[in-house]
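None of the values given here were measured: they were computed from a predicted structure. In what follows, chains carry the letters A, B, and so on, assigned in the order in which the sequence lines appear, proteins first and then strands, with residues in each chain numbered from 1.
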Amino acid sequence: MLDTEALMRIGLGHYIALSGIIFSFGMIAVMMRKNVIVMLMGVELMLNAVNLSFVAFAKEAGNLNGHIMVFFVMTIAAAEAGVGLALAVAIYKKFHEVNIRFFEQLKG
Amino acid sequence: MMMEAIAFYMLAGFLIFFSYKVISVPNPLHSALYLVLTMLGLASAFFNLGAQFIAGVQVIVYAGAVMVLFVMVLMLFDLKTEIRSFSRGLISGALKVMSAALIAGLALGGARSSVTVLDAPAGAAVPGDVTRQLGILLYTKYLFAFEILGILLLAVAVGVVAVSRMKGGTHARH
């Protein structure tokens, strides 16, 4: 039995639910896609979902520590995208494709 | 109250639809463009939650810089639509979807048991003042972490240049 009043009053729970759904989509992308770059996009999607829950909790708590954490997560995500794409370029130079099945042949 | 709910559900439908398209379209370039739309939707969600500075940074850093980097690398590879872009195996695929659904279900259950309404507490920052307070907090309480982050970014920049200049890719002989 769904409570219409609870559905209409937008609260922390709604944002956490949205964040969980987007996170699971990112997780499916990382596990099921074969292209390394699309897998990196899945990681970005997961990090963004976590950012959404951080901001929602920051509003709930009434202080800005969650915003600082989102700021740090964004910086780390930009660095991670750079490193991941550099590795993809290095793989592409050898195999002329960016498919995850080539990663089992890496040497050193 | 009613308008707020309608706006939230429209935004949620937008975000869920585009993040589903990110993982389901076979062409990686289309995935990247749908991911840009998802990032912009998340920026408006941040704006709704009273995080104006974070929303701006989301648009500039993610929808701007990071996604341009992704699209540029995809253009460099000249990838066509892939024939088999998903991993094979029906049972393992079903297990993967079920594990992701388990994570989503845990989050939904947690959300359902914590139905509180986002009322601004008495000591909360007034809307126009969030960016100022964020800056003050970043340069006082979190100054050390901020400096460490700068060093990390320097190391990553040097490492990325070193990795992408390796001769012969990953199988280089020394």
- Kindly assign one of parallel, tilted or perpendicular to the pair A/His14 and B/Tyr9, based on the angle between their ring planes and the thresholds 30° and 60°. perpendicular

- Contact origin within B/Leu134 toward chain A - heavy atom pairs under 4.5 Å: both

- Message: A side-chain contact here means heavy atoms from C-beta on lying under 4.5 Å apart; do A/Phe71 and B/Leu137 qualify?
- Response: no

- Query: Do B/Phe70 and A/Leu40 have side chains that get closer than 4.5 Å, going by heavy atoms?
  - Reply: yes

- Task: Please look at B/Ile54 and chain A and tell me whether the side chain, the backbone, both or neither of the residue comes under 4.5 angstrom of a heavy atom of that chain.
- Result: both

- Query: Do B/Met10 and B/Ile6 have side-chain heavy atoms sitting under 4.5 Å apart?
  - Reply: yes

- Query: Is B/Phe14 atom CZ crowded by more than 12 heavy atoms from other residues, nucleotides or ligands, each under 6.0 Å away?
  - Reply: yes

- Message: Walk me through whether A/Val89 and A/Tyr92 qualify under side-chain contact (heavy atoms from CB on, under 4.5 Å).
- Response: CA-CA 5 Å; A/Val89 169; A/Tyr92 184 79; 5.5 Å; no

- Message: Please evaluate residues B/Leu149 and A/Phe72 with respect to the criterion side-chain contact (heavy atoms from CB on, under 4.5 Å), reporting the C-alpha separation (whole Å), side-chain torsions for both, the decisive distance (0.1 Å), and the verdict.
- Response: CA-CA 8 Å; B/Leu149 211 58; A/Phe72 287 168; 3.3 Å; yes

- Note on the structure: Bottom line for B/Ile16: the part with an atom under 4.5 Å from chain A's heavy atoms is both

- Message: At a 4.5 Å cut-off on heavy atoms, which part of B/Leu69 comes close to chain A: side chain, backbone, both, or neither?
- Response: both

- Query: Checking heavy atoms, do the side chain of A/Leu18, its backbone, both or neither come under 4.5 Å from chain B?
  - Reply: side chain

- Message: With a 4.5 Å cut-off on side-chain heavy atoms, are A/Ile76 and A/Leu47 touching?
- Response: no

- Could you check B/Phe46 against B/Val57 for side-chain contact (heavy atoms from CB on, under 4.5 Å), going step by step and ending with a plain yes or no? CA-CA 10 Å; B/Phe46 291 158; B/Val57 170; over 6 Å; no

- Message: Quick one, B/Ile23 with A/Met32, criterion side-chain contact (heavy atoms from CB on, under 4.5 Å). Give me CA distance, side-chain angles, the key distance, then yes/no.
- Response: CA-CA 9 Å; B/Ile23 68 173; A/Met32 293 198 67; over 6 Å; no

- Query: Given a strict heavy-atom distance threshold of 4.5 Å, which part of B/Ser92 is in contact with chain A: side chain, backbone, both, or neither?
  - Reply: neither

- Item | Residue B/Leu138 versus chain A: region with a heavy atom under 4.5 Å | both

- Message: For a 4.5 angstrom cut-off between non-hydrogen side-chain atoms, does A/Phe57 reach A/Ile16?
- Response: yes

- Quick one: what part of A/Val55 sits under 4.5 Å from any heavy atom of chain B, side chain, backbone, both or neither? both

- Query: At a heavy-atom separation under 4.5 Å, does B/Phe53 approach chain A through its side chain, its backbone, both, or neither?
  - Reply: side chain

- Note on the structure: Listed by number, the residues in residues 154-162 of chain B that come under 4.5 Å of chain A (heavy atom to heavy atom) are B/Val156, B/Val160

- Query: Is the shortest heavy-atom distance from the side chain of B/Leu153 to the side chain of A/Thr75 under 4.5 Å?
  - Reply: yes

- Item | chain A interface, residue from B/Leu15, B/Leu42, B/Leu102, B/Ile103 that has the most non-hydrogen pairs under 4.5 Å | B/Leu42

- Task: Could you tell me which of B/Lys141, B/Met39, B/Gln58 has the largest number of non-hydrogen atom pairs under 4.5 Å with chain A?
- Result: B/Gln58

- Query: Any side-chain heavy-atom pair from A/Met27 and B/Lys96 closer than 4.5 angstrom?
  - Reply: no

- Message: For a 4.5 angstrom cut-off between non-hydrogen side-chain atoms, does B/Leu11 reach B/Asn48?
- Response: yes

- Query: So which of A/Asn48, A/Asn65, A/Leu85 has the biggest tally of heavy-atom pairs under 4.5 Å with chain B?
  - Reply: A/Asn48

- Contact leader toward chain A among B/Ala107, B/Ala145, B/Ala100, B/Ala101, where contacts are heavy-atom pairs under 4.5 Å: B/Ala100

- Closest heavy-atom pair, A/Leu45 versus B/Thr38, reported as atoms and distance to 0.1 Å, is CD1-CG2, 3.9 Å

- Query: For chain B, which of A/Ser24, A/Ser19, A/Gly20, A/Gly66 has the most heavy-atom pairs under 4.5 Å?
  - Reply: A/Ser24

- Query: Of the backbone (N, CA, C, O) and the side chain (C-beta and beyond), which part of B/Tyr20 lies under 4.5 Å from a heavy atom of chain A, both, or neither?
  - Reply: both

- Message: Less than 4.5 Å to any heavy atom of chain A: does that hold for the side chain of B/Ala32, its backbone, both, or neither?
- Response: both

- Task: Can you tell which part of A/Phe25 gets under 4.5 Å to a heavy atom of chain B, answering side chain, backbone, both or neither?
- Result: both

- So, the part of B/Ser19 with a heavy atom under 4.5 Å from chain A: the answer is both

- Item | Under 4.5 Å from any heavy atom of chain B - which part of A/Ala88 | both

